[in-house]
Amino acid sequence: MLQIGEVATRTGLSLRTIRHYDEAELVVPSARSQGGFRLYTDADVERLLVIKRMKPLGFTLEEMRQLLETLATLTAPELPDLEASALRRRLNGFHEAAEARCEALRTELAMAEEFAAVLTAQLQRTSAGPAVADA
């Protein structure tokens with residue numbers, strides 16, 4: 001079992017963010033110490049890492065919750081075929097959404113890099129001008 005500080009180090013998330021996900025019931029600590037400190041398992045850390053990866057893609061807390069539930073249920077033993085099939089379709093929907101959002105970010109990044117290159121070229125042109133003489 002890991003304390004919240006160790007989890008923060010492993011995930012790169014702040015203590016405040018981890019507490020927020022606990023309050024939102026996305027990743028509830030698996031246990032509490034006698035002193036009331038949050039204690040997390042490796043599975044809890046993995047859930048936090050899923051959330052961390054979803055965040056930059058703009059997924060909502062509810063979407064994060066749905067995906068985490070889907071992943072947890074898919075790994076359940078003796079899952080009926082019909083339910084597993086529905087969950088795989090849901091997972092595929094998340095996959096398609098993630099791919100589309102990644103592509104949108106790639107497009108934005110390309111535009112940002114193009115803008116930075118334009119500024120670099122402008123700086124090079126302006127710094128190559130004649131030197132100003134000292135008075």
Side-chain angles (χ1 to χ4, degrees):
M1 300 292 263
L2 303 168
Q3 290 187 2
I4 194 169
E6 296 168 300
V7 173
T9 299
R10 280 194 186 187
T11 62
L13 296 170
S14 69
L15 299 176
R16 181 178 179 184
T17 298
I18 295 169
R19 288 186 192 109
H20 171 70
Y21 292 143
D22 177 8
E23 291 166 10
E25 297 181 356
L26 283 176
V27 179
V28 178
S30 289
R32 294 242 179 203
S33 70
Q34 288 182 348
F37 295 104
R38 293 169 173 88
L39 296 174
Y40 295 88
T41 62
D42 287 337
D44 297 330
V45 171
E46 288 303 314
R47 286 175 63 94
L48 284 165
L49 290 172
V50 168
I51 293 167
K52 181 180 178 181
R53 292 176 185 118
M54 292 180 80
K55 184 75 173 145
L57 296 176
F59 284 98
T60 66
L61 292 178
E62 184 55 36
E63 289 169 323
M64 292 174 186
R65 182 176 290 105
Q66 290 172 5
L67 177 62
L68 290 168
E69 288 172 3
T70 299
L71 293 172
T73 306
L74 271 172
T75 60
E78 300 180 26
L79 184 65
D81 288 341
L82 188 59
E83 188 176 350
S85 178
L87 290 170
R88 280 192 294 278
R89 282 193 305 276
R90 179 187 271 182
L91 183 59
N92 188 59
F94 278 106
H95 176 259
E96 289 174 356
E99 288 291 335
R101 292 173 187 198
C102 284
E103 186 56 36
L105 285 173
R106 284 184 202 99
T107 300
E108 286 185 42
L109 178 59
M111 289 173 40
E113 288 174 333
E114 182 181 330
F115 175 65
V118 167
L119 292 177
T120 298
Q122 185 64 37
L123 280 170
Q124 290 171 345
R125 281 194 299 275
T126 59
S127 64
V132 178
D134 289 334

- Query: Do E69 and L74 touch side chain to side chain, with heavy atoms closer than 4.5 Å?
  - Reply: no
- Item | Neighbour count >12 (heavy atoms, 6.0 Å) for atom CG, L82 | no
- Message: Could you measure the distance from the OG1 atom of T11 to the CD1 atom of I18? Nearest 0.5 Å is fine.
- Response: 4.5 Å
- Side-chain heavy atoms of T41 within contact of D44, under 4.5 Å: yes
- State whether the side chain of R10 and the backbone N or O of D42 hold a donor-acceptor pair below 3.5 Å, judged by distance alone. no
- Message: Could you see if V7 belongs to whatever hydrophobic cluster contains L26? Use Ile, Leu, Val, Met, Phe, Trp, Tyr and a side-chain cutoff under 4.5 Å.
- Response: yes
- Message: Are Q3 and L39 packed together at the side-chain level, in the sense that at least one heavy-atom pair is separated by less than 4.5 angstrom?
- Response: yes
- Item | Cation-pi geometry met for R101 and F59 (6.0 Å, 45°) | yes
- Message: I need the L68 CG to M54 CE distance, nearest 0.5 Å.
- Response: 7.0 Å
- Query: If every non-hydrogen atom of K52 is compared with every non-hydrogen atom of G12, which pair is closest and at what distance?
  - Reply: NZ-CA, 3.9 Å
- E62 CD: over 12 foreign heavy atoms closer than 6.0 Å: yes
- Message: Any salt bridge linking R16 with D22? Criterion: basic side-chain nitrogen under 4.0 Å from a carboxylate oxygen.
- Response: no
- Any ion pair linking D81 and R88 (charged N to carboxylate O, less than 4.0 Å)? no
- Message: Let me confirm one number: the CG-CD1 distance from L15 to I4, rounded to the nearest 0.5 Å.
- Response: 5.0 Å
- Between A31 and M1, which heavy-atom pair has the shortest distance, and what is it? CB-CE, 3.2 Å
- Query: Where do T60 and E63 come nearest, in terms of heavy atoms and distance?
  - Reply: N-OE1, 2.7 Å
- Can you find a heavy atom in the side chain of Y21 that is under 4.5 Å from one in the side chain of R47? no
- Note on the structure: Output for pair (T120 OG1, R125 CZ), nearest 0.5 Å, gives 10.5 Å
- Message: Would you say that E96 contacts F94 through its side chain, given a criterion of any heavy-atom pair below 4.5 Å between the two side chains?
- Response: no
- For the hydrophobic clusters of this structure (ILVMFWY residues joined by side-chain heavy atoms under 4.5 Å, transitively), does one cluster hold both I51 and L91? yes
- Item | More than 12 heavy atoms of other groups within 6.0 Å of E114 CD | no
- Query: Could you give the distance from CZ (R38) to OG (S30), rounded to the nearest 0.5 Å?
  - Reply: 13.0 Å
- Between L49 and V45, is any pair of side-chain heavy atoms under 4.5 Å apart? yes
- Set of salt bridge (charged side-chain N to carboxylate O under 4.0 Å, His left out) partners for R90, sequence neighbours left out: none
- Close side-chain approach of L57 and L105, heavy atoms under 4.5 Å: yes
- Quick one: does L67's side chain get under 4.5 Å of M64's, heavy atoms only? no
